[in-house]
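Heads up: numbering here begins at 1 and tracks the sequence.
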Amino acid sequence: MPVNPASPGVVLQAVLFLFLLAAVSVCDIKSREIPDSLQTAIALLSLLHFSPWNLAGAFTALPYLLVALVGKEPRGIGGGDIKLAASMGIMLGLPASLAASVMGLSVFTVYGLICSCVRRLKGRPGRTAHPAGPFLAAGAAMAYFMKIGGWTI
């Protein structure tokens, strides 16, 4: 379904979505928690341009859930990341939310590898936990603007 990026609804949605993603990033960096209220707001934001097909985007959270269940790491993927993936999926729809996850997690992986290498060069253990929310938020922002810009995702 084509979207007019200049329509007031799309502009309002874009501004609110970016604001909420920034708030998610700040909360996750500061407290390593993503408040449910922000995730709910992101999901409700999808109502500005609702499509029943966007509900399928919530399935994007399944891989995150599987990693959380299989991984026994106490500082691993958390419930906030899973719920964030679901709410972003509802907002973006399945194809764009998968693209958002791939983009965000790719940058997150590179960041983690660089941090690990730097820590090892300094003689410290290489493994440490990092918040994933800011990277997922960046991927969601990129996918959102690609989607409204008419890029096929």
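Annotation: the span from Thr60 atom OG1 to Ile82 atom CD1 amounts to 13.0 Å, rounded to 0.5 Å. Taken to the nearest 0.5 Å, the CG atom of Leu18 stands 10.5 Å off from the CD atom of Gln13. Note: Ile42 CD1 to Phe19 CZ = 11.0 Å, rounded to the nearest 0.5 Å. Going from atom CG of Leu48 over to atom CG of Leu16 covers 7.0 Å, rounded to the nearest 0.5 Å. Remark: Leu20 CG to Met88 CE distance equals 12.5 Å, nearest 0.5 Å. To the nearest 0.5 Å, atom CD1 of residue Ile114 and atom CZ of residue Arg119 are 14.5 Å apart.
In this structure, the side chain of Ser25 engages the main chain of Leu21 through a donor-acceptor pair within 3.5 Å.
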After noting the C-alpha distance and the side-chain angles of Leu105 and Tyr64, does the key distance pass the side chain to side chain contact (heavy atoms under 4.5 Å, CB included) rule? CA-CA 11 Å; Leu105 292 176; Tyr64 296 88; 3.5 Å; yes

Apply the test side chain to side chain contact (heavy atoms under 4.5 Å, CB included) to residues Leu55 and Phe50: give CA-CA distance (whole Å), side-chain angles for both, the deciding distance (0.1 Å), then the verdict. CA-CA 9 Å; Leu55 295 175; Phe50 183 74; 4.1 Å; yes

Stepwise, does the side chain to side chain contact (heavy atoms under 4.5 Å, CB included) test hold for Leu94 with Trp53? CA-CA 8 Å; Leu94 186 59; Trp53 290 108; over 6 Å; no

With side chain to side chain contact (heavy atoms under 4.5 Å, CB included) as the criterion, how do Phe135 and Val110 come out once you've worked through the C-alpha distance, each side chain's angles and the decisive distance to 0.1 Å? CA-CA 11 Å; Phe135 298 95; Val110 170; over 6 Å; no

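Closest non-hydrogen pair, Ser46 versus Ala43, comes out as OG-O, 2.6 Å. Residues Leu45 and Met91 come closest through the heavy atom pair C-SD, 4.0 Å. Residues Ala96 and Lys147 come closest through the heavy atom pair CB-CD, 4.1 Å. Considering all non-hydrogen atoms of both residues, Ile90 and Ala58 come closest at CG1-CB, 4.0 Å.
By the 4.5 Å heavy-atom criterion applied to side chains, Ile34 and Lys83 are not counted as neighbours. When side chains are defined from C-beta on, Leu92 does not count as touching Leu98, because their heavy atoms never get closer than 4.5 Å.
Within 6.0 Å of atom CZ in Phe145, more than 12 heavy atoms from other residues, nucleotides or ligands are found, so the atom counts as buried in its surroundings.
By the criterion of side-chain heavy atoms lying less than 4.5 angstrom apart, applied directly or through intervening Ile, Leu, Val, Met, Phe, Trp or Tyr residues, Phe17 is grouped together with Leu12 in one hydrophobic cluster.
For the side chain to side chain contact (heavy atoms under 4.5 Å, CB included) test with Asp28, the passing option among Asp81, Leu38, Leu84 is Asp81; the others fail.
Taking the six-membered ring where tryptophan is involved, the planes of Tyr111 and His130 are perpendicular, since the angle between them exceeds 60° and thus also 30°.
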